[in-house]
There are 2 protein chains.
Amino acid sequence: MGITIYDIAEAAGVSIATVSRVFNDNPRVSESTRAAVMEVADQLGYQPHASARSLARQQTETISAIVPMLSNYFYAEVLKGLQDRMAETSFDLLVYSAPTLDEVEGQLEKALHRGRSAGVMLFSAPVIDGLEQRLQQSDIPVVLVDCYHPAYDSISTDNRRGGEVAADYLLSTGVRNPAVLMANPHSVPASHRLEGFRHGLSRQGITLEEDHLIVSSMGYHDGFNEQAGYEGMTKLLEAGIKPDGLFATSDVQAIGAMEALRHSDMNIPEHIQIIGFDDLPIARYVGLTTLRQPMSEMGARAFELLMERMTRPANTVAHTVFAPTLIPRTTTREHVAV
Amino acid sequence: MGITIYDIAEAAGVSIATVSRVFNDNPRVSESTRAAVMEVADQLGYQPHASARSLARQQTETISAIVPMLSNYFYAEVLKGLQDRMAETSFDLLVYSAPTLDEVEGQLEKALHRGRSAGVMLFSAPVIDGLEQRLQQSDIPVVLVDCYHPAYDSISTDNRRGGEVAADYLLSTGVRNPAVLMANPHSVPASHRLEGFRHGLSRQGITLEEDHLIVSSMGYHDGFNEQAGYEGMTKLLEAGIKPDGLFATSDVQAIGAMEALRHSDMNIPEHIQIIGFDDLPIARYVGLTTLRQPMSEMGARAFELLMERMTRPANTVAHTVFAPTLIPRTTTREHVAV
DNA sequence: GTCCCTGATGTAAGCGCTTACAATTCACTT
DNA sequence: AAGTGAATTGTAAGCGCTTACATCAGGGAC
């Protein structure tokens, strides 16, 4: 059914080796035969067989990404950046999803099937015990996105710095009694953001009241979702707590909180100023002040790192960290003279 | 480097055929040797070679999805549904992105490489001339998502119906002079939504004023984006047009429009009622009335269709159409007695 | 005209697996 | 004790491609 190099060879009156050479741009083929082979191949609609090729070559042109959740904008956008860059090459992208940390290992196992992928991209998954061992034994190139491990290339955002900037900015606009809407503390990015925020506050002699810290790991994706934000803020309000500022560890949480506030007597930004994290497109349209992560750029860079590691496996491990940038909008006020 | 069935065979003192049988759950292996082989395999950390396997079997367990844009929530969510269902099988998902219609053919070409995928899922791409021919000649199973062609299985939303429902609802809440925020008219879903809306209006003797129809194909993804909505609404306002209702062909457009309205003297829903399309998670948090598409379910169903077609290629073509459901929120008012 | 070199092409041996078919074993029959 | 058939295992031929090596023709150099 499928037509093979044998068919082409026969029709063009050459050997299969020659056909193969033509398709591999091997210079040791005369122009005339090359043209003849191409002619026949076009006519017959020949397509090299992907598996046969990678088997014979002992390598694939596929990379795998293991992502917690496609429908999370952050991942989707990083993948987009990745794909845009990848489109310039002949690589293909295999996407595995691992909504919970337990599932990562299983998906990784699939991605690591021998001969399946030339490299793996692991998103937001702490590399621990089992994982590390598994990664080690198949010496496939790996790059970590949105997480860190000394032994692997990684790409991430400086979450602590982001937290600090959030604190500085909130303080500069007059906030004195902030609250934090925190995702699952087991999430490394979330805890770094909180840590940075606390540090930023403390530099100005302000501390985060314990009851002003709302931790939520509810719902999917470690509490990085609208509902967690909504419920968290509601809980705060019900406890009669009225902070004058709010740092949410993600935009979606912030948006949930904004909705909760709409049902209250507190106005944004008069009574409470809000700052998120990520800069989703929607943030612009709800006027949310936030810290932007260069998602698409992270994806592009991640792909470059992976390529680099694939071609030069012995290179020293590289960690690239992006600084989040502050995007002031209308959920915060203008600076206040200090 | 990688260990093969030969290694296992030797270590276990059996032939490669036996090893292969063990890994294919062939019943013609005694329990004792099966156990022995497994033991050795585990110990050596054996992994079947994906390419070799699919070459020998003349089939893959990979399917390809060609998607306009991963960072568009609709696609991400459909893919999520798809993946969830797929996780129950041993299939892998290859994702190609084709931001513009011109790119579809090239990506399809890659996905159709012989031996690469067992089936292809084509998103929002009208199957025309070149495509159709290409699809025909490689007789790989295909399912169309969010588009239609008589010759291929497809899965979509009843966009006309959605438009009608939007019209009916808006009229029932008192709207008499609606506007429409339309994406690129070349987009089949968008034009169907408009068509349905018009039809819904006309049934009640109301017509859409021509200058109340704002068409925008600006920006990425055929104008299905926030900015298109923002600019569209702004243009309307600048023209001094003040409709009492707005149907946007997508939630993101509606959200952009809402932001534009915030800068005007028109309140939602007092002066203008708004209805979107899709029901993104964010819609809930901005209170947007909309028509829900069961995205995740569409993905799951798409995968089932593809599997079905893969196992029974001769089945008659099936088109499954989901009816969008109305989700009333606060951008529209309660029903009004007529 | 012979020799050698070069460039173009062919031959054949894999890559790691599946699977039809052959071979072997073993428990029973007869 | 030989024969039978079922259960188990082995042998070997692919799957479609790449590529090291062999072959071959043609063009100087002598």
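Reminder, nothing fancy here: chain letters follow the sequence lines and each chain counts from 1.
Atom pair A:Ile3:CD1 and D:dC17:P shows a separation of 9 Å (rounding to whole Å applied). Atom CG in B:Leu55 sits about 14 Å away from atom C1' in C:dT19, given to the nearest Å. A:Ile5 has its CD1 atom 16 Å from the P atom of C:dT9, to the nearest Å. In this structure, A:His49 atom NE2 and C:dC15 atom P are separated by 18 Å, rounded to whole Å. One can place CD of A:Glu10 at 13 Å from P of C:dT11, the figure rounded to the nearest angstrom. Between A:Gln47 atom CD and D:dG16 atom P the separation is 14 Å, expressed in whole Å. The CZ atom of B:Arg34 sits 10 Å away from the P atom of D:dT8 (whole-angstrom rounding). Whole-Å rounding puts the B:Glu61 CD to C:dC17 C1' distance at 14 Å.
Between B:Thr33 and the phosphate of D:dT9, there is a side-chain N or O to OP1/OP2 separation shorter than 4.0 Å. Of the side-chain N and O atoms in A:Gln58, one or more sit less than 4.0 angstrom from OP1 or OP2 of C:dG16. Of the side-chain N and O atoms in A:Ser15, one or more sit less than 4.0 angstrom from OP1 or OP2 of C:dG10. Side-chain N/O atoms of A:Asn24 include one lying less than 4.0 angstrom from OP1 or OP2 on D:dT18. Look at A:Arg114 and you'll find a side-chain N or O under 4.0 angstrom from OP1 or OP2 of C:dC17. At D:dG14, none of the side-chain N or O atoms of A:Tyr6 fall inside 4.0 Å of OP1 or OP2 (strictly under the cut-off). The shortest distance between the side-chain N/O atoms of B:Arg21 and the OP1/OP2 oxygens of C:dT19 is not below 4.0 Å. OP1 or OP2 of D:dT9 sits under 4.0 Å from a side-chain N or O of B:Ser30.
Judged by closest nucleotide on DNA chain C, A:Ser32 is the one of A:Ile16 and A:Ser32 placed further toward the 5' end. Comparing B:Glu31 and B:Ala52 along DNA chain D, the residue whose closest nucleotide (by nearest heavy atom) sits nearer the 5' end is B:Glu31.
Looking at A:Arg28, its side chain comes within 3.5 Å of the base of C:dT9 through a donor and an acceptor atom. Residue side chain B:Arg57 does not reach the base of C:dG16 through any donor-acceptor N/O pair under 3.5 Å, judged by distance alone.
A distance of 9.0 Å separates CG of A:Asn72 from CZ of A:Phe224, quoted to the nearest 0.5 Å. The OH atom of B:Tyr152 sits 9.0 Å away from the CG atom of B:Leu131 when rounded to the nearest 0.5 Å.
At least one donor-acceptor pair closer than 3.5 Å links the side chain of B:Arg309 to the backbone N or O of B:Asn315. A distance-only check finds a donor-acceptor pair linking the side chain of B:Asp7 to the backbone of B:Thr4 [under 3.5 Å].
Applying the side-chain hydrogen bond (donor to acceptor under 3.5 Å, both in side chains) definition to pairs two or more places apart or across chains, those involving residues 118-132 of chain A are A:Tyr75-A:Ser124, A:Ser124-A:Asp146, A:Glu132-A:His149.
Checking D:dC17, C:dT9, C:dG16 against the side-chain heavy atoms of B:Ala56 singles out C:dG16 as nearest. Set against D:dT11, C:dC17, C:dT9, the side chain of A:Thr18 has C:dT9 as its closest nucleotide. The side chain of A:Ser20 sits closest to D:dT19 out of D:dG16, C:dT18, D:dT19.
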Could you list the donor-acceptor pairs under 3.5 angstrom formed between side-chain atoms of residues 84-91 of chain B and any protein atom two or more places apart in sequence or on another chain?
| residue | atom | partner | partner atom | Å |
| --- | --- | --- | --- | --- |
| B:Arg85 | NE | B:Glu304 | OE2 | 2.6 |
| B:Arg85 | NH2 | B:Glu304 | OE2 | 2.5 |
| B:Thr89 | OG1 | B:Met86 | O | 2.7 |
| B:Thr89 | OG1 | B:Phe91 | N | 3.1 |
| B:Ser90 | OG | B:Glu61 | OE1 | 2.5 |
| B:Ser90 | OG | B:Glu61 | OE2 | 3.4 |

